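The model shown is predicted, which means the values in this text are computed figures rather than measured ones.
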Amino acid sequence: MITLHINGAIQVFYHRLNVAELIQYLALGGKKLAIERNGELVPRSQYAECQVVDGDRLEIVMAVGGG
Amino acid sequence: MNSLSIAGKIYSSRLLVGTGKYKDFAETKAAIEASGAEIVTVAIRRTNIGQSANEPNILEAIPPSRFTILPNTAGCYSADDAVRTLRLARELLDGHDLVKLEVLGDPQTLYPNMPETLKAAEQLVKEGFKVMVYCSDDPILAKQLEEIGCVAVMPLASLIGSGMGILNPWNLQIIIANAKVPVFVDAGVGTASDAAIAMELGCDGVLMNTAIAAAKDPVLMASAMRKAVEAGREAFLAGRMPKKLYSASPSSPTEGVIAASKKSTA
């Protein structure tokens, strides 16, 4: 069992997964977003190889209106 | 009207606009069209997880293929948060590296935290970002940001969202006189005349959001701002007449005025 902090909320998973799989699971596939794992940017090219592990803190962001 | 160059790219509009506080994306889009702006700011925020399936995205309304998107660090109160936000933004925008740095001091005034701003600017320049930086109107700090390598300095006219206009034109003039990079007034513009004054002082451009978005008719105000920035720029280039307290100088000829109608009784 792995517990992830995604955008400040806790989510529990029962299998190993990488960032690419996480994005699919969260129904965010194909969206313009960027991801940070434990304070470090995860480049898009590394989504498939980047395994998330228990306790990871993920920030998934998008562009919104702002001044 | 000579064009504006930022980090080697030429722009014909000197009005930069934000995309916050609009009713919906349709209004955002209409206002930005009316403003004629080519550089448009966006913020970076957490994605809604689990409830965003078909939510429209600002980048669909304002496509990066047509506009220069300027991601900002609004809401960041430390250099570290600002740098992380812009790394995410660069990834999000496929390597686009022109960014707006702002590190805020407190949520009441949104006044810039200058020590943290300088720290973040230094780090971002080191990482290859082209940094347009929101700053206080302190001429020394503005110069330091330029020396760090920022591509534009953007002193506030007055507090973000206040609509108070230009509170210290004298400091702005010192910043403009000493700068080798473009200077933009960012924040505090309330109405068209404020934008025109900024341009008449010699600013290279004006960045605004609330003045347009919070107007009763944002699209009409966007059009007004476009004209104000153009008018102010032309007036600056034309060079205004000197101010004179006395020494009246009539606009019409003093010769050939018709004679008084009544015969002199003398």
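- For chain A, the option among B:Arg45, B:Arg87, B:Glu102 with the highest count of heavy-atom pairs below 4.5 Å is B:Arg45.
- B:Glu127 CD: more than 12 foreign heavy atoms inside a 6.0 Å radius.
- Heavy-atom distances place the side chain of B:Lys100, and not its backbone, under 4.5 Å from chain A.
- For the pair B:Leu92 and A:Met62, the tightest heavy-atom approach, listed with the atom from each and the gap, is CD2-C, 3.9 Å.
- When heavy atoms are compared at a cutoff of 4.5 Å, B:Glu60 does not approach chain A at all.
- For A:Ile60, the parts sitting under 4.5 Å from any heavy atom of chain B are the backbone and the side chain alike.
- Atom-to-atom distance recorded for A:Leu26:CG and B:Asn48:CG is 12.0 Å, nearest 0.5 angstrom.
- Of all heavy-atom pairs spanning A:Ala63 and B:Val42, the tightest one is CB-CG2, 4.1 Å.
- Interatomic distance, B:Ile49 CD1 to A:Leu22 CG, rounded to the nearest 0.5 Å: 7.5 Å.
- A distance of 14.5 Å separates CG in A:Leu33 from CZ in B:Arg46, rounded to the nearest 0.5 Å.
- Interface residue A:Gln11: only side-chain heavy atoms are found under 4.5 Å from chain B.
- Contacts between B:Asp80 and chain A at a heavy-atom distance below 4.5 Å are absent for every atom of the residue.
- Of all the listed residues (B:Leu59, B:Thr19, B:Val17), the one sharing the greatest number of non-hydrogen pairs under 4.5 Å with chain A is B:Thr19.
- Closest non-hydrogen pair, B:Ala43 versus A:Gly65, comes out as CB-O, 4.1 Å.
- The main-chain N or O of A:Gly67 is found under 3.5 Å from a side-chain atom of B:Asn72 such that the two form a donor-acceptor pair.
- Side chain of A:Asn7 to main chain of B:Thr47: a donor-acceptor pair is present (N/O by atom type, distance under 3.5 Å, no hydrogens or angles).
- Enclosure of atom CE in B:Met164 is not indicated, since only 12 or fewer non-hydrogen atoms of other residues, nucleotides or ligands lie within 6.0 angstrom.
- By the neighbour-count criterion of 12 heavy atoms within 6.0 Å, atom NZ of A:Lys32 is densely surrounded, having more than that number from other residues, nucleotides or ligands.
- Without hydrogens or angle criteria, B:Glu91 side chain to A:Ile35 main chain gives no donor-acceptor distance under 3.5 Å.
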